[in-house]
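Scope of the values below: all heavy atoms of this structure, side chains included, with no hydrogens, waters or symmetry mates. Fair warning: this is a prediction, and the values are worked out from it, not measured in the lab. Along the sequence shown, the residues carry numbers beginning at 1.
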Amino acid sequence: MFNLLKKPVLLAGSVHFRGNLPPRAEEFEYMRGHGCDIQRAQVRENAHWELKLKHPRWGDATLTAMKQMPLPTRLLEWSVSLTEKEKEEAAAAGTGVSIGIESSRKDALRDRKHLFHYLSAIIGDDGVVASDHVSTRFWSRGALRDEVMHDADADISQLYELHAVSQDRPSEKRGEGEEEEEPPVAWLHTHGLAEIGAFDFDILAPEMSLVPHGVPRALAFAAAEGDLSPNTARYQIMRGLPDIRCVPADEFMRTAGEPWTSMRQHDEYHSKDRAVLCDTTTFFSRLLRKGARPSTAMRTPAQDGMLVSYSSLATQVMSARAAASLPVFRALREELAKFNLPSLVKLGYKVDHASADSDREHLWFEVHDVTDAGIDATLLNAPYDVARLKQGDRGIHPAELLTEWAIMTPFGQVNPHDTKLARRIRENPEGFAEMLQLAAMFERAGGEGG
């Protein structure tokens with residue numbers, strides 16, 4: 001298992017509510033209904049009250065109403081975890097409570113899931129946003145509800161937050177009625193990986209379509225596994241694209257030129273245990289003493305069929321989460337059925353020339369139905385080393401072979417580690433239906449034009 005994820009971490013979070021008056025301790029008696037034992041605790045000088053919570057599965061926690069409760073800041077604007085509507089709701093926060101739990105199993109993924117259970121129970125129907133203090137990641141009510149629908153461990157992507165910062169630029173003159181375009185993201189970076197013993201990374205002038213394709217997630221797995229460090233000279237993250245190298249943030253600011261250095265902020269929060277993803281060096285670049293240059297691969301648009309590199313260990317962890325969250329997949333397929341969105345599963349079949357049981361080929365199938373008997377699906381791609389399966393074959397497949405699932409839309413996908421698009425659809429189903437119609441019109445027009 002990932003050694004870094006065995007490091008004990010004191011976990012903490014906050015739940016925010018509307019209004020200016022601090023909640024009363026009595027208001028949290030409902031936590032008993034979630035299986036918590038509640039005891040009054042000795043109150044610190046900087047707190048109104050404190051409660052000791054004990055849960056048979058989530059562990060021990062301390063719930064506190066601080067006298068000076070920090071509220072969500074501009075970090076909300078940069079977060080990629082929330083929808084725009086969720087950000088608007090979070091901005092209404094005026095008071096709140098904080099919670100701290102001690103890791104019990106020294107397993108960061110399982111312990112973080114315990115924190116999510118506590119945050120979901122506390123936020124209830126009235127909270128406007130929750131936050132994980134270690135990762136600085138924000139959680140909406142909907143995101144927490146989706147997460148606690150299953151008991152799978154947290155995903156590696158939930159141990160960090162992604163901040164997308166746009167570079168300020170002069171407004172361009174536009175015609176009457178024209179909307180001002182959103183400035184492109186100049187600086188995409190993580191927070192939270194250094195806190196678990198790995199390191200955080202920066203991507204400059206990023207191609208944002210790489211995010212839903214799981215590129216930051218794969219980088220986080222590699223960092224947690226120890227395959228990627230702040231000084232890695234060469235690493236393949238996507239097949240067919242240039243390799244990357246990691247340049248420590250301080251070194252990057254010394255060696256890279258404009259406009260790259262002006263794209264990121266270099267301060268105490270964005271320097272230690274942090275690297276910028278760059279192009280690898282060549283003999284000529286070293287000879288000419290050229291400075292670090294942000295990764296070309298990270299600035300290349302995602303393509304269908306793009307292969308992102310995951311280790312066998314990371315694949316096992318992802319597979320366990322996909323299998324445990326299968327009930328969520330079934331519920332989402334039913335919820336979104338009216339939109340006729342294709343849903344896919346990736347199944348790991350043992351190859352014909354396997355040297356070990358773990359030698360499996362992971363194949364994508366289009367799903368027709370998911371029942372207790374298995375997954376009714378059609379194979380989409382031709383296997384390399386599974387002769388008993390042919391592209392286009394339809395059959396019932398064992399659910400235990402599941403390694404990934406996804407519900408596809410023209411605007412991204414819903415998968416085991418990211419339900420943001422599903423929440424956006426819930427916010428405005430009529431608008432989503434109109435967008436689907438427009439996307440279909442553009443596709444037809446493109447086909448006729450070709």
Side-chain angles (χ1 to χ4, degrees), residues 150 152 155-157 209-215 217-219 221-222 225 236-241 302-334 336-337 340-410 412-419 421-422:
H150 57 83
D155 186 73
I156 189 74
S157 62
S209 63
L210 298 177
V211 175
H213 274 74
V215 173
R217 184 188 187 208
L219 290 165
F221 267 121
E225 198 168 351
Q236 184 186 61
I237 187 62
M238 291 175 286
R239 297 180 191 177
L241 290 179
Q303 303 292 329
D304 290 338
M306 183 181 74
L307 294 177
V308 180
S309 299
Y310 291 96
S311 71
S312 58
L313 183 54
T315 301
Q316 292 174 32
V317 173
M318 293 161 57
S319 299
R321 181 173 172 87
S325 62
L326 185 60
V328 178
F329 178 54
R330 296 177 67 172
L332 285 170
R333 288 189 75 247
E334 182 177 347
L336 303 176
N340 295 316
L341 301 172
S343 57
L344 310 179
V345 292
K346 187 190 288 185
L347 304 177
Y349 270 93
K350 189 174 182 179
V351 298
D352 296 335
H353 300 88
S355 58
D357 186 64
S358 58
D359 292 341
R360 294 178 179 271
E361 189 170 338
H362 299 275
L363 304 167
W364 281 106
F365 294 75
E366 183 170 4
V367 178
H368 306 292
D369 196 10
V370 181
T371 68
D372 294 338
I375 302 172
D376 181 3
T378 298
L379 180 58
L380 294 177
N381 50 316
Y384 289 103
D385 195 18
V386 186
R388 61 191 179 279
L389 295 177
K390 299 289 187 295
Q391 185 176 11
D393 285 352
R394 178 175 177 174
I396 305 295
H397 303 269
E400 56 263 28
L401 299 181
L402 182 68
T403 62
E404 185 73 288
W405 57 259
I407 297 176
M408 311 301 292
T409 84
Q413 60 177 251
V414 183
N415 52 48
H417 61 277
D418 189 358
T419 62
L421 184 54

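To the nearest 0.5 Å, atoms CG (Leu332) and CH2 (Trp405) are separated by 5.5 Å. Residue Leu347 holds its CG atom at 10.0 Å from CD of Glu400, rounded to the nearest 0.5 Å.
Remark: the backbone N or O of His353 is paired with a side-chain donor or acceptor of Asp385 at under 3.5 angstrom. Put simply, the side chain of Arg333 never gets that close to the backbone of Ser343: no donor and acceptor are under 3.5 Å apart. Within the 3.5 Å criterion, the main-chain N or O of Trp364 finds a donor-acceptor partner in the side chain of Asn381.
Residues satisfying the ring pair (Phe, Tyr, Trp, His ring centres under 6.0 Å) criterion with His397, sequence neighbours excluded, are Tyr349, Phe365. Every residue meeting the side chain to side chain contact (heavy atoms under 4.5 Å, CB included) condition with Thr403, not counting sequence neighbours, appears here in chain and number order: Ser319, Lys346, His362. Take Ala323 and apply the side chain to side chain contact (heavy atoms under 4.5 Å, CB included) test, not counting sequence neighbours, and it matches no residue. Under the rule for a side-chain hydrogen bond (donor to acceptor under 3.5 Å, both in side chains), the partners of Thr419 that lie at least two apart in sequence or sit in another chain are Asp146, Arg423. Residues meeting the side-chain hydrogen bond (donor to acceptor under 3.5 Å, both in side chains) test with Asp155, sequence neighbours left out: Ser157, Arg217. Residues passing the side chain to side chain contact (heavy atoms under 4.5 Å, CB included) test with Gln236, sequence neighbours excluded: Arg239, Asp243, Ser309. Qualifying side-chain hydrogen bond (donor to acceptor under 3.5 Å, both in side chains) partners for Glu404, counting only residues two or more places apart in sequence or in other chains: none.
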For a quick test of your reading: what N or O donor-acceptor pairs under 3.5 Å do the side chains of residues 386-393 make, sequence neighbours left out?
from	atom 1	to	atom 2	distance (Å)
Arg388	NH1	Asp352	OD1	3.3
Arg388	NH2	Lys350	O	3.1
Lys390	NZ	Ala387	O	2.7
Gln391	NE2	Leu380	O	2.8
Asp393	OD2	Lys390	N	2.8

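Scanning both residues, Ala399 and Leu326, for their nearest heavy atoms gives CB-CD2, 3.9 Å. Counting all heavy atoms, side chain and backbone alike, Gln413 lies closest to Ala406 at OE1-CB, 3.8 Å. Nearest approach of Glu225 to Ser311, heavy atoms of both residues: OE1-OG, 2.6 Å. Residues Ile396 and Ala373 come closest through the heavy atom pair CG2-O, 3.8 Å.
By the neighbour-count criterion of 12 heavy atoms within 6.0 Å, atom CD of Glu334 is sparsely surrounded, having that number or fewer from other residues, nucleotides or ligands.
For residues 363-384, the pairs satisfying salt bridge (charged side-chain N to carboxylate O under 4.0 Å, His left out) are Arg330-Asp372, Asp376-Arg394, with sequence neighbours left out.
At least one side-chain heavy atom of Val345 sits less than 4.5 Å from a side-chain heavy atom of Phe329.
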Next on the checklist: Walk me through whether Phe221 and Val317 qualify under side chain to side chain contact (heavy atoms under 4.5 Å, CB included).
Outcome noted: CA-CA 10 Å; Phe221 267 121; Val317 173; 4.2 Å; yes
